[in-house]
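Only a predicted model underlies this, so the values are computations on that prediction, with no experimental measurement involved. Note: hydrogens, waters and symmetry copies are ignored here, and every other heavy atom, side chains too, is used.
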Amino acid sequence: MVIEGKALGRCRILATFKYVLVLYVCIGSLIGHHYYAKNSFIVGTDSASNSSSSSNINKNYVDNNPCVQIASALDASAWPKMVYHKDLHPNAMYNNNFEGRKFSSLEEEDSTARKTIDEFNILRNSVLTTDLLDAGFSPGSEYRARSFAKRYLEAKTTAGRPLVFAVFGTSFTIGSNCGESSVQSSYECAWPGRLAKRWEEVFFPGGQITSPSDYQPVEWRNYQENAQTSSNIGQKLPAIIEEFKNYTPDVIFLDNTISDIYQVKHNDKPWFEAVVRVMVKSFPETVLVSLVDAQPRLVDPKNDQIYNKWLHQVQEHYGLAVVDIAKMTRLLRFNESYNINTATHPTADDNGPIDYLWPQSLHMALSNGTKVEGSAVDRVRIPVYFASFLPLTRKTKFAYYPENHPAWATHQYVADSVMYALLRVLQMGMGCRGNDLKEKSLAPSLPETTIALKEAVDACFMCLNPLAQIDARSTHYIGNHTNSTEDESAVVVTCGDWKWITDERNRSGWQSDQYGSIIRFRIQVSDSPTISFTYMKSHSTFGAFRVTFVLPDSPPLGCKDIAKFKNETLTPSLAIQGDIPEFSLWDTAVFPATVEVGDSNTGAAWKILNQTILSQITSDVSHVDMYVLNINQGDRKRVKIQTVTSC
């Protein structure tokens, strides 16, 4: 590549996990430098238009260097080898720490980690071959690929906005059980963070840079959460669509198959298809990447393949790009053409195959092969390994279900597979193969037909057309009821210091910094309401609060009622935490009118709404009151609410 320059400054990460992770693409394992690409990285490019249509990609965009560079980058065997995270960041504060229940000394942990990484680097090119990567990849919609290619080229040659990648996923996507060492953070270890680092390594090898005006970072929006299913995405999707009303994400990753396959055992609603339909309609130019995780039910061909078949039909019907880790794992396990010849494994299951990509065993193992199951893996004080998996990998974190929460090596393989898929999508979008670049004047329309029954898809309710919304970005007024003066305003302080506030980043909201402060939101509702609100979470300032709902004929809650919030009989309420490891970000809490079977995320919220409103509401009720109580007495004193929405 013809990229020159030097590193400038430190990279800045603006967000984290489950919420919004804004992170510059140049980071090395989430900590690193800004890099700037030279004009010569893209040749033959004029100043790009910001038009939403990608139908007129200049043929110069796909001449010469861009296609050559993408083709060269597709050689995954040439990508840099793995480096132990402590060696990447030798001055990190946590480097001298270790988990004493997992390792006897710091030296033992570091020596074990480096040995495992060395073994991984030896195995990697035999495992992640081009044939295997191609077998697990489907390109999806050509139109979306063309849009992505155009945006990629624009980001390289103009001062426009960065590329935006959004991630949905489960505890696997968060990085549960993932750690090269016992102190590596999950967001550094999980595949989205590894993908960000790999993007840097592929496009900016050696950290070579030149003019800041020529480089645009990638902005990551991470919405994953523990046990997140497609139904959870559906509940939050309206708020996310609102978030992207001024621009659209360039890539959305959907990594929810682990939770979805469990939920469909109890719930036959086709939530994944319903969510995909809304995304295709709302973001017609966005590349939707569907990951199929190698959960054993999706790998073993003897298992019930009904869900698997339906999933792939949905992916094809709506033009999703696919990274099928389950298929890749299946080929390595059962297809002799992909067989890897290695020595016997000390923790291998009886006569079972050795896994390289994603461990399929439902238990862990000691070094002699003795099975260790369930919570016992964290009670034993001797080394525990991922069974039948190479490289031989010690368990470093406290998480169960290894088939759902695999080792760090799996996260690296997933990151590399996704990186390869993005390059292939770019290659198609640029027309690099000669016959890919076809003129199309219109984006493909949303298919009228569905894979599941249309009635079943329509039954997956999402609040896309709110009945009512109170928004601090447009509603600044806040009434005061602290002196028992009746105030029927939509937003009223009933106790304490709540006030409307904004800042230089336009993060408007109703904010409190005092324990015991209560604010009331009066919102119009239907006779079976779903109520949601957006609130701020932070690594330092923001803390917890309690939420309850009251019918309009109930006495208002004020300073005298603070103690009632602690009594579930008097005032059923839900405590919501406002702290996250890093940064200040918005999140959305949803109190649904119904709860899906197998949904472990919204059950508590539904219970509160049912106790206070759903079980008592009548057809003549036009609005309800939502109360928020600041319960912080420590350093984290702040609470901020931005929007309240009902359907």
Before giving the answer on side-chain contact (heavy atoms from CB on, under 4.5 Å), spell out for D625 and F521 the whole-Å C-alpha distance, their side-chain angles and the decisive distance to 0.1 Å.
CA-CA 6 Å; D625 292 336; F521 297 92; over 6 Å; no
Stepwise, does the side-chain contact (heavy atoms from CB on, under 4.5 Å) test hold for I470 with V491?
CA-CA 8 Å; I470 306 170; V491 187; 3.6 Å; yes
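- Looking at N567, its side chain does come within 3.5 Å of a backbone N or O of L570 through a donor-acceptor pair.
- Residues Y223 and E243 have side chains that bring a donor and an acceptor to within less than 3.5 angstrom of each other.
- Closest non-hydrogen pair, I608 versus S573, comes out as CD1-O, 3.5 Å.
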Take K395 and Y385 through the side-chain contact (heavy atoms from CB on, under 4.5 Å) test and state the conclusion after the steps.
CA-CA 5 Å; K395 179 176 170 59; Y385 298 85; over 6 Å; no
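- Side-chain contact check for D458 versus E455: every heavy-atom pair is 4.5 Å or farther apart.
- Between the CZ atom of F545 and the CG atom of L629 there is a distance of 10.5 Å, given to the nearest 0.5 Å.
- One N or O on the side chain of Q642 and one on the backbone of S508 form a donor-acceptor pair closer than 3.5 Å.
- In this structure a side-chain-to-backbone donor-acceptor pair under 3.5 Å is present from Q228 to G169.
- There is no side-chain donor-acceptor pair under 3.5 Å between S619 and D527.
- L237 CG to E242 CD: the interatomic distance, rounded to the nearest 0.5 Å, is 12.0 Å.
- Within the 3.5 Å criterion, the main-chain N or O of A605 finds no donor-acceptor partner in the side chain of T602.
- A side-chain donor-acceptor contact under 3.5 Å links T229 and S231.
- One finds the OG1 atom of T494 at 8.5 Å from the NZ atom of K560 (value rounded to the nearest 0.5 Å).
- In this structure, R394 contributes its side chain and E180 its backbone to no donor-acceptor pair below 3.5 Å.
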Report the C-alpha separation of R473 and T502 in whole Å, then their side-chain angles, then the decisive distance to 0.1 Å, and conclude whether the side-chain contact (heavy atoms from CB on, under 4.5 Å) test is met.
CA-CA 9 Å; R473 291 167 293 186; T502 191; over 6 Å; no
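- Side-chain contact between R638 and S538: absent, with no pair of heavy atoms (C-beta onward) separated by less than 4.5 Å.
- Between F165 and E219 the shortest side-chain heavy-atom distance does not fall below 4.5 Å.
- Residues L298 and W358 fail the side-chain proximity criterion, which asks for heavy atoms closer than 4.5 Å.
- A donor-acceptor pair is defined here as one N or O able to donate and one able to accept, closer than 3.5 Å; no such pair exists between the side chain of N632 and the backbone of G634.
- Looking at heavy atoms from C-beta onward, W498 lies in side-chain contact with I641 at the 4.5 angstrom threshold.
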Return all side-chain donor-acceptor pairs below 3.5 angstrom for residues 547-558, not counting sequence neighbours, or 'none' if the list is empty.
unit_1, atom_1, unit_2, atom_2, d
T548, OG1, P572, O, 2.6
S554, OG, L551, O, 3.2

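- Looking at H363, its side chain never comes within 3.5 Å of a backbone N or O of E373 through a donor-acceptor pair.
- Distance CD1/I252 to OG/S282: 9.0 Å, rounded to 0.5 Å.
- A donor-acceptor pair is defined here as one N or O able to donate and one able to accept, closer than 3.5 Å; no such pair exists between the side chain of Q469 and the backbone of D471.
- With hydrogens and angles left out, the side-chain atoms of S517 and N630 include no donor and acceptor closer than 3.5 Å.
- In this structure, K269 NZ and S230 OG are separated by 13.5 Å, a value rounded to the nearest 0.5 Å.
- Of all heavy-atom pairs spanning A365 and A387, the tightest one is CB-CB, 3.9 Å.
- Taking OG1 from T645 and CD1 from I523, the interatomic distance works out to 6.5 Å, rounded to the nearest 0.5 Å.
- Checked options L288, V167, T173; the residue passing with F253 is V167 (criterion: side-chain contact (heavy atoms from CB on, under 4.5 Å)).
- Residues Y318 and M279 are not in side-chain contact: their nearest non-hydrogen atoms beyond the backbone lie 4.5 Å or more apart.
- For F542 and Y535, the distance between ring centers is not under 6.0 angstrom.
- There is no side-chain donor-acceptor pair under 3.5 Å between N610 and S615.
- For the pair F591/I613, no side-chain contact is recorded, criterion being any heavy-atom separation below 4.5 Å from C-beta on.
- Taking the six-membered ring wherever Trp is involved, the centroid distance between the rings of W408 and F386 does not fall below 6.0 Å.
- The distance between the ring centers of H85 and Y94 falls below 6.0 angstrom.
- Taking all atoms of both residues into account, the shortest heavy-atom contact from S532 to T588 is CB-CG2, 4.2 Å.
- For the pair K537 and D579, the tightest heavy-atom approach, listed with the atom from each and the gap, is CE-O, 3.9 Å.
- Side-chain contact annotation: S182 with E109, donor-acceptor N/O pair under 3.5 Å present.
- A perpendicular orientation is assigned to the rings of F244 and Y247, their planes being inclined by more than 60° (bins at 30° and 60°).
- At most 12 non-hydrogen atoms from other residues, nucleotides or ligands lie less than 6.0 angstrom from NZ of K281.
- Defined by atom type and a distance below 3.5 Å, a donor-acceptor pair is missing between the side-chain atoms of T170 and S259.
- Residues P270 and W310 are in side-chain contact: their nearest non-hydrogen atoms beyond the backbone lie under 4.5 Å apart.
- With sequence neighbours excluded, no residue satisfies disulfide bond (SG atoms under 2.5 Å apart) with C460.
- Contact between C495 and I562 at its shortest, heavy atoms only, is SG-CD1, 4.4 Å.
- Side chain of N404 to main chain of F172: no donor-acceptor pair is present (N/O by atom type, distance under 3.5 Å, no hydrogens or angles).
- When atom types are taken as modelled, the side chain of T530 and the backbone of A593 share a donor-acceptor pair closer than 3.5 angstrom.
- Between W510 and H476, the closest heavy-atom pair is NE1-O, 4.3 Å.
- Ion pairing between K637 and D513 fails under the 4.0 Å rule for side-chain N and carboxylate O.
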